[in-house]
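When reading the values below, keep in mind they use all heavy atoms of this one structure, side chains included, and skip hydrogens, waters and symmetry mates.
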Amino acid sequence: MGNNKTEAELKHYEALRKQDSFQYSEAEGCYYVVKYSDVDTLLKSDNITVDFPFRASRQLFGKTILDSDDMGSAAIRKNLLPFFTRKAIDHYRELIIRPCIKSILSESIGARLEEVDFNLSVSQRIPTQIIISIFGIDLKYEEFIYSKLEKLVLYLDHPSNSFQEAMEAKKELLAFLDKCLLNEIEVNKNGFLSSVSREPFHNKEEMLSTCLMLLVAGMATTIASLNSLVLYVYEYRDYLKENSGDVEKMKLFVNEVIRMQPAVRETIRFVKDDFEYKDVSFVEHDLLKIILASANRDEEKFTDPNEFEYQKKRSLNCSFGKGKHFCIGSDLAIEELVIFIQEFMIFTDYYAVKIVESNEPPGTVIRMFKKIQLKLQADQPAI
């Protein structure tokens, strides 16, 4: 389920997986890492690092846990984890996640408009509302926050997009977050901004940058996953209607969608110290392009990897990364997708889905459809 570009990439990765050694791209100046076992090993290896001063994220946010391996970043990550544990997600479920999703679906789809732009009206709003609610920010700021976050995501996904616009958006968001921390803008006293410890941060600027990075991470990839998920929901809606109350079955379904269509197709790492792996001598500063989408389709790891096997438990996929930079928001993302299925099923009877523009935007990392349209059907059952 994807366009011609996606299918061509998967065939290219399949051919690379059949090679005995790592393939070096002269054009891109990097090694491709495409096999599951290699992705798993190298993402967990102390010989490689995310720490590199010229990463797009570093240019935008400064040094954060996203692209640093030092002890200070490890302490900050440990400080953030309690807000994204399974216990925390259970707390958010009925307090934030389900109410946000129900409200958005009721407002955008329940009105039975002739056409609904799913990306604009649903998938962009769900993770944005949820992460700012977790932060304790009033939802009246949703439109402002998303309009600025979008500029950051566009630049991060492809640095040919406007760096100036991204920096201007960053400046406005940092000023907004600063006012939240100073209580010049009222925030929920039980939310993340009021509750997170300031202790691990070296200064206010580091804390603000980390908060901004979390906002971006909390919405961008889940938007992409919702856009992929809705297409599978329509294809398998009879099964989902029958089983939507079974959370474990819904998690299996969601995890298989994420395996087949990872929101983040690839990530990069840099060689920290010279080392040898599988007869290849890597040297300091070598660039590794780690293809998560390829690892998720590895024939040596997954039986029938190109089949959508939504009713059986697969091996853990690579979509959320591996090792110390495993996505801390993975449980939150899966919870959002499961609840979306549960709340969306009622609407599949009277809306049909159509990809109006199936070409992906010029991005290198995040997989997003430009437009997915829900079209009201002539014969609609009563709700």
Side-chain angles (χ1 to χ4, degrees), residues 1-2 86-87 89-106 108-110 112 116 118-119 122-123 125-127 130 221-263 296-297 301-320 327 329-355 367 369 372 374-377 379-383:
M1 194 173 287
R86 187 67 257 169
K87 182 179 179 180
I89 305 307
D90 290 343
H91 174 70
Y92 301 146
R93 182 184 299 114
E94 303 302 331
L95 182 68
I96 294 175
I97 302 173
R98 195 179 301 277
C100 281
I101 291 174
K102 291 184 74 159
S103 174
I104 290 167
L105 289 177
S106 177
S108 60
I109 301 177
R112 299 203 186 192
V116 175
F118 181 82
N119 185 49
V122 180
S123 62
R125 297 190 64 202
I126 286 174
I130 288 170
T221 53
T222 308
I223 291 172
S225 293
L226 280 164
N227 284 341
S228 294
L229 178 64
V230 73
L231 304 181
Y232 284 90
V233 164
Y234 270 92
E235 185 168 351
Y236 298 94
R237 59 181 173 176
D238 290 341
Y239 170 80
L240 294 174
K241 279 183 181 180
E242 184 177 345
N243 295 284
S244 63
D246 189 322
V247 174
E248 292 308 310
K249 287 184 178 180
M250 293 305 95
K251 285 183 178 179
L252 286 178
F253 189 90
V254 164
N255 275 299
E256 186 68 347
V257 172
I258 290 171
R259 182 188 71 83
M260 295 286 286
Q261 305 290 353
N296 284 351
R297 302 287 186 111
K301 183 66 176 179
F302 301 99
T303 304
D304 298 323
N306 295 318
E307 295 298 319
F308 184 65
E309 299 283 356
Y310 58 93
Q311 295 189 61
K312 72 177 184 181
K313 189 171 184 178
R314 293 269 201 183
S315 298
L316 183 65
N317 63 64
C318 295
S319 296
F320 291 113
C327 175
S330 59
D331 283 337
L332 175 61
I334 290 171
E335 192 73 28
E336 291 180 35
L337 298 175
V338 166
I339 292 177
F340 167 78
I341 293 175
Q342 293 174 328
E343 297 298 332
F344 184 71
M345 293 317 301
I346 189 173
F347 299 108
T348 60
D349 282 336
Y350 62 95
Y351 270 100
V353 67
K354 178 183 179 184
I355 304 176
R367 182 182 192 278
F369 292 101
I372 297 176
L374 300 181
K375 190 171 179 62
L376 194 65
Q377 297 183 95
D379 299 321
Q380 309 161 37
I383 296 182

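- Side-chain atoms of Leu332 and Ile97, non-hydrogen and from C-beta on, do get closer than 4.5 Å to each other.
- Atom CD1 in Ile96 sits 8.5 Å away from atom CD1 in Ile130 (nearest 0.5 Å).
- Residues Asn119 and Ile223 have side chains in contact (heavy-atom distance under 4.5 Å, counting atoms from C-beta outward).
- Across all their heavy atoms, Ser123 and Asn227 have their closest contact at OG-OD1, 2.7 Å.
- Evaluation of the side-chain contact (heavy atoms from CB on, under 4.5 Å) rule for Arg98 yields Arg93, Glu94, Lys102, Ile339, Gln342, Glu343 as partners, not counting sequence neighbours.
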Checklist entry - Under the side chain to side chain contact (heavy atoms under 4.5 Å, CB included) criterion, do Leu231 and Phe118 qualify, and how do the steps go? => result CA-CA 11 Å; Leu231 304 181; Phe118 181 82; over 6 Å; no
Item to check | Chi angles and distances behind the side chain to side chain contact (heavy atoms under 4.5 Å, CB included) call for Ile341, Leu229 | outcome: CA-CA 9 Å; Ile341 293 175; Leu229 178 64; 3.9 Å; yes
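- Rounded to the nearest 0.5 Å, atoms CD1 (Ile372) and OG (Ser228) are 7.0 Å apart.
- For the pair Tyr232 and Met260, the minimum side-chain heavy-atom distance is below 4.5 Å.
- Taking both residues in full, the closest heavy atoms of Asn296 and Ser319 are given as ND2-OG, 2.9 Å, listed atom of the first, atom of the second, then distance.
- Counting heavy-atom neighbours within 6.0 Å of Gln311 CD, excluding the residue itself, gives a total above 12.
- For Ser108, the side-chain contact (heavy atoms from CB on, under 4.5 Å) test picks out Ile104, Ser121, Val122, with sequence neighbours left out.
- Considering CD1 of Ile334 and CD1 of Ile258, their distance stands at 5.0 Å, rounded to 0.5 Å.
- With ring centers used as reference points, Tyr239 lies under 6.0 Å from Tyr310.
- In the displayed structure, Lys312 atom NZ is contacted under 6.0 Å by more than 12 heavy atoms of other residues, nucleotides or ligands.
- Summarising the geometry, atom OG1 belonging to Thr348 is positioned 4.0 Å from atom CE belonging to Met345; distances are rounded to the nearest 0.5 Å.
- Here the shortest heavy-atom pairing between Ser315 and Phe302 reads O-CE2, 3.4 Å.
- Asn317 has its side chain out of reach of Pro262: every pair of non-hydrogen atoms, C-beta onward, lies at least 4.5 Å apart.
- Partners of Lys313 according to the side-chain contact (heavy atoms from CB on, under 4.5 Å) rule, which considers only residues two or more places apart in sequence or in another chain, are Leu252.
- Using a 4.5 Å cut-off on side-chain heavy atoms (C-beta onward), Pro305 and Arg259 make contact.
- The closest side-chain heavy-atom distance from Tyr351 to Val116 is below 4.5 Å.
- Between the CG atom in Leu240 and the CZ atom in Phe344 there is a gap of 11.0 Å [rounded to 0.5 Å].
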